[in-house]
Amino acid sequence: MNPIQPREDDELIGAILGAADEASRCIQGRSIDEVLATPDARETLRRCATDLGTAAREVSEMMRNWASHIPWESMTAIGEDAPAADDGAVRALWGFMHQQLHQVRGDLEEMWRPAHLRREVDPDETYALDKNAYDFYRPVGRNLLQRTEEFHGWVEARRRTETWQYSRVLEASPGSIARITNDVGRRTQGINFNSQDYLSFNAHPAIREAAARALHDYGPHSAGSPMVLGNTRISDALEAELGDLLKMEHLTLFPTGWGAGFGSMVGLVRQEDHVVIDRLAHACLQQGARAATRNVIRYEHLNLESVRQHLKDIRARDSRNGILVVTDGLFSVDADWPDLVMLQDICRQHDATLLVDVAHDLGAMGPGGTGVIGMQELLGKVDLVMGAFSKTFASNGGFLASRSAAVKQYVKMFGGSHMFSNALSPVQSAVVLEATRILRSPEGEVLRGRLFKAIHALRDELSRRGLTCMGSPSPIVPLLIGNEKLARIANRRLFDRGVLAFMVEFPVTPTGSSRFRLQVQAAHEPQDALEAARIIDESIAEARAYLSSAFGSGLA
């Protein structure tokens, strides 16, 4: 004969709740005297008291010590050694039901069956949150079209649960406040840290006037490749103005920033050459490097001693071919920058060429808007400088700057994205030209002062609330979140609560290191930053509580 096995704690708690539920149905608003006067009800409560008290007495010491806030002794006393004819057990249960059960029911239910198990799980939300883009990065199968379907299904699940941060559209000009619609058609208006317009040039009257004048004089269209008839007097003036800003007289314009990075790489690097590139450099440079040569080394972020060793190793086995070392000026997901003085020196020691991408810092930082290169007193001293107009200059397009007429001519012919794309339109060229003139003027200093006042207010308030701002003060304020589930839910709440921020995850960042990339504008007031920081902090806390409740995720 098998001995009777002791009941587990969760079974005992279930028995307590079951007895309480039956007693509650039995009472149904009747007074204790009415219950005692009704034999069936009195017997039911007596049995419930016995069941409840017995189960409470069997609960383990470990559970009692862990859940010391539960009134175990009160429940144990119910029905304990009560004679069958005595109504004491019924009265004890009655008192417990009316005085204590309401307070402890929630705690008992949470122990018996946690909320995330009681909740009916949305399969779309589970699928949307559990997967990462990395899971779909290398699809298999011989059919190139069909193997995109699984990724599409995941994107659709994220869209349905409004955790897809892409493809939102603007409803009006993006200032410090913006009105947007997400890709399932829901609108919001909020404090805008999602736009790349660091000096708020998009609304500047002189820049809009320059665009209107170019539209009137030339029309909206560029008439062809810059190598054919796409250039205008405006683009010639732009090359001269930018060259003077960077102290590098030979500028090559590209129709996009991406085209500038990719075209510079494939224009200059041959298959036998080598590229040594910071692992966090922009994707246009990474993909350009892979397209140009198989000899690509990605070095640890900002690690110049690693660069030095790689160059030494390459030169030990290859003294004939070129080496291009590539870095960003300001890194757009970490908000930090390299020691360019040392990096340029290392390159020259090993007969390598340095290319610096200044897309995010030129115009918005440094003396006279000269960016990180100006901050490190390297104007005119770096081998190659490339950049984009989409961050500070209120337009599209990009450039490569050098001190060599030969380099300019070669990249124009062999860079691909210069030769075989239509040129910047006259309107785009005019906007960038006017923006360059303003950022070099006293007004530019005033705008950068406003910009950094808002930057410091935002970083200080986020840090004061215990959140982690990465990098150094710059127009980009990366707020580290880490877990993608937490970031996606927090982002959904930010949309509802009126803060527009770009949530960044793989492939922009490594998996498990998601963040919000907050992009500050000169038009932001410090009060905007304080309010946004409060909402962001609360949204992250709400997202953490939601995940804990819905999925049992312990995201500290």
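Worth knowing before you read on, the calculation uses all heavy atoms, side chains too, and leaves out hydrogens, waters and symmetry mates. Computed from a prediction, not measured in an experiment: that's the story for all the values here. By convention here, the first residue in the shown sequence is residue 1.
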So, applying salt bridge (Lys or Arg N to Asp or Glu O under 4.0 Å) with Glu162, which one of Arg168, Arg493, Arg186 is it? Arg186
For a quick test of your reading: what N or O donor-acceptor pairs under 3.5 Å do the side chains of residues 324-335 make, sequence neighbours left out?
{"from": "Asp328", "atom 1": "OD1", "to": "His282", "atom 2": "N", "distance (Å)": "3.3"}
{"from": "Ser332", "atom 1": "OG", "to": "Arg517", "atom 2": "NH1", "distance (Å)": "3.4"}
{"from": "Asp334", "atom 1": "OD1", "to": "Arg515", "atom 2": "NH1", "distance (Å)": "2.6"}

Hey, are [Y] and [X] close enough side-chain-wise for a donor-acceptor pair under 3.5 Å?
X: His301; Y: Asp336; value: yes
X: Arg158; Y: Gln165; value: yes
X: Thr181; Y: Glu171; value: yes
X: Ser463; Y: Asp460; value: no

When you look at Asp9 and Ser60, which way does the side-chain hydrogen bond (donor to acceptor under 3.5 Å, both in side chains) test go after all the steps? CA-CA 7 Å; Asp9 284 330; Ser60 70; 2.6 Å; yes
Judged by atom type as modelled, is there a donor-acceptor pair below 3.5 Å linking the side chain of Thr54 to the main-chain atoms of Asp51?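 Not confirmed, Thr54 side chain does not pair with Asp51 backbone.
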Determine whether the aromatic ring centres of Tyr137 and Phe506 lie less than 6.0 Å apart.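 Yes, the ring of Tyr137 comes within the 6.0 Å limit of the ring of Phe506, centre to centre.
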Return the orientation label for the Phe393 and Phe389 ring planes: parallel under 30°, perpendicular over 60°, tilted otherwise.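 Perpendicular: the ring planes of Phe393 and Phe389 meet at over 60°.
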[X] atom [atom1]: more than 12 heavy-atom contacts under 6.0 Å:
X: Arg450; atom1: CZ; answer: no
X: Arg465; atom1: CZ; answer: yes
X: Gln100; atom1: CD; answer: yes

When you measure from the centre of the six-membered ring of Tyr166, is the NZ or CZ of Arg159 under 6.0 Å away and within 45° of the axis?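 So Arg159 doesn't make the cation-pi contact.
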